[in-house]
Peer 1: 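Please read through the structure below; I'll follow up with questions.
Positions are given from 1 along the sequence. These figures come from a predicted structure and were not determined experimentally.
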Amino acid sequence: MKKSLFFFILPFLFLACKEKKAVPETRFISAVSLIQQQVKHVDSSLYAIVRVTLRDSLPPDTAYIPREKFGEEAREFLDIPDLSDPALARRFKEETRYDSLIRKVVITYTPADPKKEEFKKIEMLVSTELNPDGTNKVSNILAERIISNREGFLQKKLLWKMDRSFLVVTVSQAPGKPEISSTTRVTWNEEELP
């Protein structure tokens with residue numbers, strides 16, 4: 001009896017002790033943390049923050065934004081998935097290429113299963129010139145978000161120009177209604193940079 005019990009338990013012990021292959025943890029650059037740093041910087045600065053909104057064929061609406069409200073204005077960008085989180089990073093693929101026309105490295109993140117993700121593309125343009133601390137500087141962050149369901153269609157194209165401005169282009173359409181488009185541009189430091 002003891003022998004048969006031993007042979008019965010042996011395979012389970014073998015499987016339990018067998019070493020599992022380590023799956024490498026995937027981590028990418030976090031566009032969200034870069035934008036959070038920008039928001040924190042603008043919140044504590046003395047920049048004049050200007051928002052210009054265009055809706056369809058209406059005249060532009062221009063307003064000054066208090067710096068305390070800048071984070072609310074940038075909320076679209078803070079919703080971008082944080083790909084430094086390994087659980088989120090597993091759902092995306094990374095592609096890196098050099099664009100000789102703009103002389104920047106383009107890092108593109110696309111979802112492994114586009115049907116399951118709202119963000120269809122996240123791109124970062126990285127300068128090839130080194131900063132004094134030996135790092136490269138991200139100059140632009142682009143993202144595209146598409147939501148399509150029974151309630152309609154919503155597409156947002158996001159562009160963040162580091163230390164300068166951001167742009168949100170929105171196209172939406174409810175079932176049986178005409179398409180609505182709007183563009184919101186927020187600037188805070190454009191006149192001071194080359």
Peer 1: Measure the spacing between CG of Leu83 and CD1 of Ile29 and express it to the nearest 0.5 Å.
Peer 2: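 The CD1 atom of Ile29 is 10.0 Å from CG of Leu83, to the nearest 0.5 Å.
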
Peer 1: Got a sec, which pairs hit salt bridge (charged side-chain N to carboxylate O under 4.0 Å, His left out) with one end in residues 54-64, sequence neighbours left out?
Peer 2: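 Sorted pair list comes back empty.
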
Peer 1: With the side chain counted from C-beta on, respond yes when Arg51 and Arg185 share a heavy-atom pair under 4.5 Å apart, and no when they do not.
Peer 2: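 They are not in contact (no side-chain heavy atoms under 4.5 Å apart), so the answer is no.
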
Peer 1: Name all residues meeting the side-chain contact (heavy atoms from CB on, under 4.5 Å) criterion together with Arg103; count only those two or more places apart in sequence or in a different chain, and write none if there are none.
Peer 2: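 side-chain contact (heavy atoms from CB on, under 4.5 Å) check on Arg103 returns Tyr98.
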
Peer 1: List in chain and number order the residues that pass side chain to side chain donor-acceptor pair (under 3.5 Å) with Ser30, two or more places apart in sequence or in another chain; answer none if no residue qualifies.
Peer 2: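 For Ser30 the side chain to side chain donor-acceptor pair (under 3.5 Å) partners, ignoring immediate neighbours, are Ser33, Asp82.
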
Peer 1: Show me, pair by pair, the donor-acceptor contacts under 3.5 angstrom made by side chains of residues 143-153, not counting sequence neighbours?
Peer 2:
from, atom 1, to, atom 2, distance (Å)
Glu144, OE2, Gln155, NE2, 2.8
Arg145, NE, Glu118, OE1, 2.9
Arg145, NH2, Glu118, OE1, 2.7
Asn149, OD1, Glu151, N, 2.9
Asn149, OD1, Gly152, N, 3.4

Peer 1: Applying side chain to side chain donor-acceptor pair (under 3.5 Å), can you list everything that pairs with Lys137, at least two apart in sequence or on another chain?
Peer 2: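 Side chain to side chain donor-acceptor pair (under 3.5 Å) check on Lys137 returns Asp163.
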
Peer 1: Which atom pair, heavy atoms only, marks the closest approach of Ile141 to Met124?
Peer 2: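 Closest pair (atom of Ile141, atom of Met124, distance): CG1-CG, 4.0 Å.
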
Peer 1: Verify the distance criterion only: is there a donor paired with an acceptor across the side chains of Glu95 and Thr108 at less than 3.5 Å?
Peer 2: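 Glu95 vs Thr108: no donor-acceptor pair found between side chains.
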
Peer 1: For Glu179, check side chain to side chain donor-acceptor pair (under 3.5 Å) against everything at least two apart and list the hits.
Peer 2: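 For Glu179, no residue satisfies side chain to side chain donor-acceptor pair (under 3.5 Å) once neighbours in sequence are set aside.
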
Peer 1: Report yes if the side chains of Leu158 and Leu167 come closer than 4.5 Å at any heavy-atom pair, otherwise no.
Peer 2: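 No, side chains not in contact.
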
Peer 1: Please collect all salt bridge (charged side-chain N to carboxylate O under 4.0 Å, His left out) contacts where either partner lies in residues 33-46, sequence neighbours excluded, each pair once.
Peer 2: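 Checked against salt bridge (charged side-chain N to carboxylate O under 4.0 Å, His left out) - neighbours excluded - no pair reaches residues 33-46.
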
Peer 1: Between Gln38 and Met162, is a side-chain contact (heavy atoms from CB on, under 4.5 Å) present by the stated rule, with each step listed?
Peer 2: CA-CA 7 Å; Gln38 292 271 294; Met162 300 301 269; 3.8 Å; yes

Peer 1: Ring pair (Phe, Tyr, Trp, His ring centres under 6.0 Å) with Phe77: which residues, sequence neighbours excluded?
Peer 2: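 Phe77: ring pair (Phe, Tyr, Trp, His ring centres under 6.0 Å) contacts with Trp160, Phe166.
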
Peer 1: Got a sec, which residues hit side-chain contact (heavy atoms from CB on, under 4.5 Å) with Pro111, two or more places apart in sequence or on another chain?
Peer 2: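 Partners of Pro111 by the side-chain contact (heavy atoms from CB on, under 4.5 Å) criterion, ordered by chain and then number, come out as Phe92, Pro114, Glu117.
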
Peer 1: Report yes if the side chains of Arg67 and Ile49 come closer than 4.5 Å at any heavy-atom pair, otherwise no.
Peer 2: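 In short, these two side chains touch, coming nearer than 4.5 Å.
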
Peer 1: Below 6.0 angstrom between ring centroids: does that apply to His41 and Tyr47?
Peer 2: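 Centroid separation for His41 and Tyr47: below 6.0 Å.
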
Peer 1: Please report the closest heavy-atom contact between Thr187 and Ser165, naming both atoms and the distance.
Peer 2: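 Distance-wise, the nearest heavy atoms are CG2-CB, 3.7 Å.
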
Peer 1: With sequence neighbours excluded, tell me which residues meet side-chain contact (heavy atoms from CB on, under 4.5 Å) with Pro60.
Peer 2: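 Residues passing side-chain contact (heavy atoms from CB on, under 4.5 Å) with Pro60: Val52, Leu54.
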
Peer 1: What verdict does the side-chain contact (heavy atoms from CB on, under 4.5 Å) test give for Thr183 and Val168, after you've listed the backbone C-alpha separation in whole Å, the side-chain angles of each residue and the deciding distance to 0.1 Å?
Peer 2: CA-CA 6 Å; Thr183 302; Val168 178; over 6 Å; no

Peer 1: Mind checking the CD1-CG spacing from Ile35 to Asp79? Nearest 0.5 Å is all I need.
Peer 2: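 Going from the CD1 atom of Ile35 to the CG atom of Asp79 covers 10.5 Å.
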
Peer 1: Only counting residues at least two apart or in another chain, list the ones meeting side-chain contact (heavy atoms from CB on, under 4.5 Å) with Thr96.
Peer 2: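 Counting only residues at least two positions away or on another chain, Thr96 forms a side-chain contact (heavy atoms from CB on, under 4.5 Å) with Glu94, Val105, Ile107.
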
Peer 1: Quick one: does Thr128's side chain get under 4.5 Å of Lys104's, heavy atoms only?
Peer 2: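 No - every pair of side-chain heavy atoms lies 4.5 Å or more apart.
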
Peer 1: Give, for atom NZ of Lys157 and atom NZ of Lys120, the distance between the pair rounded to the nearest 0.5 Å.
Peer 2: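 Nearest 0.5 Å value for the NZ-NZ distance: 13.5 Å.
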
Peer 1: Rounded to the nearest 0.5 Å, what's the gap from CD1 on Ile102 to CG on Leu125? Could you check?
Peer 2: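 Interatomic distance, Ile102 CD1 to Leu125 CG, rounded to 0.5 Å: 4.5 Å.
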
Peer 1: Say whether, by atom type as modelled, one donor and one acceptor occur between the side chain of Asn136 and the main chain of Val126 under 3.5 angstrom.
Peer 2: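 A pair under 3.5 Å: no.
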
Peer 1: Of Leu142, Asn140, Leu159, which meets side-chain contact (heavy atoms from CB on, under 4.5 Å) against Glu123?
Peer 2: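 Option passing the side-chain contact (heavy atoms from CB on, under 4.5 Å) with Glu123: Leu142.
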
Peer 1: Which residue pairs pass the ring pair (Phe, Tyr, Trp, His ring centres under 6.0 Å) test when at least one of the two sits in residues 107-150, sequence neighbours left out?
Peer 2: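 Of all non-adjacent pairs touching residues 107-150, those that pass ring pair (Phe, Tyr, Trp, His ring centres under 6.0 Å) are Phe28-Tyr109.
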
Peer 1: Evaluate Lys161 against Ser139 for side-chain contact (heavy atoms from CB on, under 4.5 Å), listing each step before the verdict.
Peer 2: CA-CA 6 Å; Lys161 293 173 80 175; Ser139 60; over 6 Å; no

Peer 1: What are the two closest heavy atoms between Leu78 and Gly71, and how far apart are they?
Peer 2: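 For Leu78 versus Gly71, the nearest heavy atoms are CD1-O, 4.1 Å.
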
